Amino acid sequence: MDLEKIANEIRGGRRVVALTGAGISSAAGIPTFRGKNGLWERIDPEKFSLGFFKEKPEEWWSIAKNLFSPFIVARPTRAHYALSELERLGHLEAVITQNIDGLHQLAGSRNVIELHGNVMKLKCILCGMEYNLNDYIDDLNDDRLPICKRCGRVLKTGAVLFGEEIPKREYLLSIYYASVSDVMLVIGTSLEVEPAATLPSYALRNGARIIYINRDVSGVKDKGFIIVEGDSEIILPEIVKNIRGD
Ligand code: APR
């Protein structure tokens, strides 16, 4: 389908939501998880788990701080800015993201639901205190563990780890927005991980059109999606230009 028609679908939508994954941040230098050079090819996902963090916090943090370094320097991509512009123009109500990089908010998106948390925060699993990762960069660079200022426990990343519950509020909000949407933009995600993978079916049940934007569309041929094969860095700015009538 050409981008003019995609732009008309979005312009005609009353409640448009976006569901994003690692692909939208790949141009920011943040590696995707699967596929060529995927993170899980290099790091055992088992080590990115709550159990491993609790058992071996030192080893966990020595792996995590290298993993997180691209996130700390990353800046929003053209695709992130395109989605925040769509929201500003009144054509996008919410961004549901699986990403933990906070780049949607940095690009100006205001209604962002972070299903998998945010790596730029740190959390104490004992007393619940939250901190900014940036306040602990020196500790991590000097191989000191980040410690809770209130109760002294080793802090956990604000990203949701394997074996950890998805935050309830974000989970319920993501289902709400998917269920009321009449257009869902599914951008840069392999739809391999729950609960995100099921969100398009909530939208379809509401009669929504699903616009699937991905470099690799081999896995979604028969799902009733409107498929747009290509780079979100090119496709999304083009769609916004169309909608703005540039
Ligand atoms: N434009 C469009 N699509 C892209 C681009 C791009 N520039 N670059 C990569 N992609 C697509 C890939 O084809 C792939 O389908 O982005 C998708 C990335 O898939 P994954 O690496 O599986 O990332 P994601 O779907 O976000 O993973 C979901 O899995 O491991 C967990 O918590 C982790 O949030 C993550 C979740």
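Not measured: the values here are computed from a predicted model. Numbering of ligands and ligand atoms starts at 1, following listing order. Starting from 1, each residue takes its place in the sequence as its number.
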Side chain or backbone, does H116 bring an N or O within less than 3.5 Å of an N or O on ligand 1? yes
Could you tell me whether a side-chain N or O of E194 sits under 3.5 Å from a main-chain N or O of T198, the two making a donor and an acceptor? yes
Donor-acceptor pair, side chain of N214 and main chain of T189, under 3.5 angstrom: yes
Checking F162 now: which residues fulfil side-chain contact (heavy atoms from CB on, under 4.5 Å) with it, not counting sequence neighbours? W40, P45, F48, S49
Who passes side-chain contact (heavy atoms from CB on, under 4.5 Å) against I63, sequence neighbours left out? I43, K47, F52, E59
Winner among F33, F162, F48, Y212 once heavy atoms are compared against atom 33 (C) of ligand 1: F33
From the options Q98, E192, R34, select the one whose nearest heavy atom is closest to atom 29 (O) of ligand 1. R34
Mark up the atoms of ligand 1 that fall under 4.0 Å of a heavy atom belonging to [X], in ascending order.
X	answer
W40	30 (O)
G188	3 (N), 16 (O), 17 (C), 18 (C)
T189	15 (O), 16 (O), 17 (C), 24 (P), 25 (O)
G21	26 (O)
D216	13 (O)

What residue and heavy atom of the protein are closest to atom 1 (N) of ligand 1, and at what distance? S232 N, 2.9 Å
Just to check, does E233 reach to within less than 4.0 Å of ligand 1 when the distance is taken from its heavy atoms? no
Non-hydrogen atoms of G230 versus ligand 1: any pair closer than 4.0 Å? yes
